[in-house]
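See below for the structure under consideration.
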There are 4 protein chains.
Amino acid sequence: MARPLSEEKREAILAAAAELIATSGTGASTASIAKAAGVAEGTLFTYFATKDDLLNQLFLEIETNLAQTMMAAYPAKGGSRERIRHLWDRLIAWGAANPTWRKVLRQLKVSGRITAESRRRSNALFRESRELVEQSMAGHVDPERMSFYIDTVLIGLADMTIDAMAASPKKQHEHLKQAGFDLYWKGTAV
Amino acid sequence: MARPLSEEKREAILAAAAELIATSGTGASTASIAKAAGVAEGTLFTYFATKDDLLNQLFLEIETNLAQTMMAAYPAKGGSRERIRHLWDRLIAWGAANPTWRKVLRQLKVSGRITAESRRRSNALFRESRELVEQSMAGHVDPERMSFYIDTVLIGLADMTIDAMAASPKKQHEHLKQAGFDLYWKGTAV
Amino acid sequence: MARPLSEEKREAILAAAAELIATSGTGASTASIAKAAGVAEGTLFTYFATKDDLLNQLFLEIETNLAQTMMAAYPAKGGSRERIRHLWDRLIAWGAANPTWRKVLRQLKVSGRITAESRRRSNALFRESRELVEQSMAGHVDPERMSFYIDTVLIGLADMTIDAMAASPKKQHEHLKQAGFDLYWKGTAV
Amino acid sequence: MARPLSEEKREAILAAAAELIATSGTGASTASIAKAAGVAEGTLFTYFATKDDLLNQLFLEIETNLAQTMMAAYPAKGGSRERIRHLWDRLIAWGAANPTWRKVLRQLKVSGRITAESRRRSNALFRESRELVEQSMAGHVDPERMSFYIDTVLIGLADMTIDAMAASPKKQHEHLKQAGFDLYWKGTAV
DNA sequence: TATGAATGAGCCTTCATTCAT
DNA sequence: AATGAATGAAGGCTCATTCAT
């Protein structure tokens, strides 16, 4: 049945797209992406119907990875603080390990090219871990502020912390990670 | 009899640019901006040498306004908490009053088109108010964390708070503003 | 164990090509034709070396069918008028029965992609019937005008008549067919 | 008020388009048209918003010219036959003088890119001359066949006649023109 | 100075054809 | 023989910038 679509190529395209979008924004041309991925211009379109399709799939790819990281790492046991702390460490580690993806996410979120459908799917990916976080925070925070603390602040603050780390010498990293967590934990206490 | 550049036109162009960039990103065409400003395509280039120039001036225009707002509002007297609280309220009010500018800032910051020079100037604009904040926070926070709390977190958290407010019914606004401030104040306490 | 080319597939491709070319012109993509024919994109090229080859074969397929219709129907006996009239009826019936093919022929003729060779073969297909028509018209027309009346006008006028019929309510069809024939017969009389 | 749109350039583009479309069909690229017209690729789009727009304007340009030719030439006096004959001569002369336009018209009509609006405008252009023809033919033809004779056959037959002329040596031209007219006049007689 | 036509590089996408499977 | 992924040359159109008026 002819040559099958190569998962390898698909990922090469997504990786090339990530690299270029992190650098030049979503304006990066499909031609440059194809070239960086080592395929012909036309080939990109056998893997992704349109550029928007590529952008949305890239978005979901990254969100999936992040969601999996959060889930995989969530501790089943321990006190609230320890569990959230562990999650926090994971979040920071993920961001530090994936600077390109962070930049891409920022570009995509601001691009106006991520569809409502993609956002819905992304939310679904985080549903489970979000619920675990909510349980862990239950006794610690004012219930009325729960959504704000989890849906808005948690990842946003982690993001800011990683930014600060990226702009600082390595020896300060641990210190900043602690400062970020303290801010979150103390700040959210009822 | 060289007619002088009209400040009125310059501002019309900046305003039109803000509106369109908020909506469509920095990809908004100079032609569309000129049209929205009510001037000819070519006229835009007698006020701004290049599109990047326009973008950078717009960036500084907005940052200047925000910096002035912060300075103008800073209370000379009162306890630390009250002064920071007042600043916080100002920040939130500015964001709520200028949703377009907030969107533009976000677009410009990820666009990769704001020069190092512009960023430096922007920092300079905030120097004075930053110092006042530092004084107010002096006894309250661990000095080693001062820069993180002021340079990274303060505006970032205000931004997130405004986002959350924008996504909520009006009757929750006050509550969110309070939640944001509590988070900041309690979280930064030594 | 070379599988022989399947006549069935060849015709499926030609039929699909006819359908799509009638609708979208010769710009119809080979991919869309293959899909409509239920074969793979590449398969089309094992049956037709190039798109132009497909177009030319389609042209000849239709011309062959029309020529056969004309020959098969030509009455051996009867007066000139009756024989031409019978032919006329055949022509009209063929056109009414094969609207897609008529559209395709029109597209192909203006496409500039039908080779001189194909046109020559097409002429050859009509040679015999053309001679019969010439014999039937012999006493009726000025010999110097014979070629014009047969080679240019006959099919052209039939074409126009079918167009007019297609644009009219059914009850007028017979009337138009008669009008067309009258025009031809009376108009060509010496 | 800056450089005004140049009617000269507009017509150069239309002329270049006509030349290329006559030769290669509506598939002629906008790049090749611009080049042939001696303007930059982008310039074409300041005169015609889209390629379809160019095609439709070209269509109307040609139809307008033909309609004007017919009107300008229509004799106010004389018998029916003489008036139709005069019109016939005009039609043939126009076709012989404008072989490129005839080819273009054929291409455009078959292209599926002429809008309903353009066809409606085209009809409007011919309304007046059509009425004059109808008056001239009034006593000569069966009223029920009037529309068929005027709207379908007249121009179609002239077209065919010009084709035959174009394919014949010059000394036969007059003869063919006569043969075409005879066919029309005698054929339409009641 | 203000205008908007002119420019041509660049963008996303399509397509006939080839070739690995 | 059949399949459909791979290819890269176009194609239509947009856009920042220049320049004649």
Side-chain angles (χ1 to χ4, degrees), chain A residues 1-6 9-10 26-35 38-54, chain B residues 1-6 9 26-35 38-55, chain C residues 1-6 9 27-35 38-55, chain D residues 1-6 9-10 26-35 38-55:
Chain A
M1 61 202 92
R3 217 174 318 181
L5 279 172
S6 131
K9 248 166 214 164
R10 197 187 101 95
T26 53
S29 75
T30 53
S32 68
I33 293 170
K35 192 177 177 186
V39 302
E41 284 191 46
T43 300
L44 186 151
F45 291 93
T46 86
Y47 286 83
F48 305 94
T50 64
K51 189 181 178 180
D52 275 14
D53 189 32
L54 167 59
Chain B
M1 54 176 120
R3 216 175 325 174
L5 288 173
S6 133
K9 259 171 203 165
T26 53
S29 75
T30 52
S32 67
I33 292 169
K35 190 178 177 187
V39 303
E41 288 183 43
T43 301
L44 185 151
F45 290 92
T46 85
Y47 286 84
F48 305 92
T50 64
K51 188 180 181 182
D52 275 13
D53 188 32
L54 166 59
L55 262 22
Chain C
M1 55 177 117
R3 224 174 318 172
L5 287 172
S6 134
K9 258 170 205 166
S29 75
T30 52
S32 68
I33 293 170
K35 189 178 177 187
V39 302
E41 288 184 43
T43 301
L44 186 150
F45 290 93
T46 85
Y47 286 84
F48 305 92
T50 64
K51 188 180 180 181
D52 275 14
D53 188 33
L54 166 59
L55 261 22
Chain D
M1 65 202 86
R3 215 174 319 182
L5 279 173
S6 133
K9 246 165 218 167
R10 197 188 101 96
T26 52
S29 75
T30 52
S32 68
I33 293 170
K35 192 178 178 186
V39 301
E41 287 190 42
T43 300
L44 186 149
F45 292 95
T46 87
Y47 286 83
F48 305 93
T50 63
K51 188 179 180 183
D52 275 13
D53 189 33
L54 167 58
L55 262 21

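Just so we're on the same page: letters track the sequence lines, and every chain starts at 1.
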- request: Look at the side chain of Y47(A) and the backbone N and O of L5(A), then say whether any donor-acceptor pair between them is shorter than 3.5 Å.
  value: no
query: Starting at NZ of K51(D) and ending at P of dC13(F), how long is that distance when rounded to a whole Å?
result: 8 Å
message: Judged by each residue's nearest nucleotide on DNA chain F, which is more toward the 5′ side, T50(B) or A31(D)?
response: A31(D)
- request: Just call it for S29(B): base, sugar-phosphate, or nothing, with non-hydrogen atoms closer than 4.0 Å on any strand.
  value: sugar-phosphate
- prompt: Of the candidate nucleotides dG4(E), dT3(F), dA2(E), which contains the atom at the shortest distance from the side chain of A40(B)?
  reply: dG4(E)
task: Check the distance between dC12(E)'s P and D53(A)'s CG and give it to me in whole angstrom.
output: 14 Å
- request: Please report the closest heavy-atom contact between A40(C) and A34(C), naming both atoms and the distance.
  value: O-CB, 3.7 Å
task: Can you see which heavy atom on K51(D) is nearest to which on T26(D), and at what distance?
output: NZ-O, 2.7 Å
- prompt: Y47(A) has an atom OH; how far is it from atom C1' of dA6(F), in whole Å?
  reply: 8 Å
- prompt: Of the non-hydrogen atoms in F45(B) and T50(B), which two are nearest, and what is the gap between them?
  reply: CE2-CA, 4.2 Å
message: Rounded to whole Å, how long is the line connecting atom NZ of K35(A) with atom P of dG10(E)?
response: 12 Å
message: Taking pairing as Watson-Crick or G-U wobble with both contacts under 3.5 Å, can you name the mate of dG12(F), or confirm there isn't one?
response: dC11(E)
- prompt: Any side-chain N or O of T46(C) under 4.0 Å from OP1/OP2 of dA1(F)?
  reply: no
- line: Applying side-chain contact (heavy atoms from CB on, under 4.5 Å) to F48(C) and not counting sequence neighbours gives R10(C), I13(C), L14(C), D53(C), L54(C), Q57(C)
query: S6(A) near the nucleic acid: base, sugar-phosphate alone, or nothing, with a heavy-atom cut-off under 4.0 Å?
result: nothing
message: Rounding to an integer number of Å, can you tell me how far L5(D) CG sits from dT21(F) C1'?
response: 13 Å
task: Please state how far atom NZ in K9(A) lies from atom C1' in dA6(F), giving the value in whole angstrom units.
output: 7 Å
message: Here's a test of your reading of the structure: between V39(C) and A49(B), which maps to the more 5' nucleotide of DNA chain F?
response: V39(C)
message: Regarding A28(B), tell me which of base, sugar-phosphate or nothing describes its non-hydrogen contacts under 4.0 Å with the strands shown.
response: sugar-phosphate
Rounded interatomic separation in angstrom, taking CZ from R3(A) and P from dC19(E): 10 Å
message: Just N and O in the side chain of T30(B): are any of them under 4.0 Å from OP1 or OP2 of dC15(F)?
response: no
- request: Using atom CD of E41(A) as one end and atom P of dT17(E) as the other, report the distance to the nearest whole Å.
  value: 20 Å
- prompt: For G42(B) and L44(D), take the nucleotide of DNA chain E holding the closest heavy atom to each; which residue's nucleotide lies nearer the 5' end?
  reply: G42(B)
field: F45(A), nearest nucleotide to its side chain (from dC12(E), dT7(E), dG8(F))
entry: dC12(E)
statement: For dA20(E), the nucleotide meeting Watson-Crick or G-U wobble distances (both under 3.5 Å) is dT3(F)
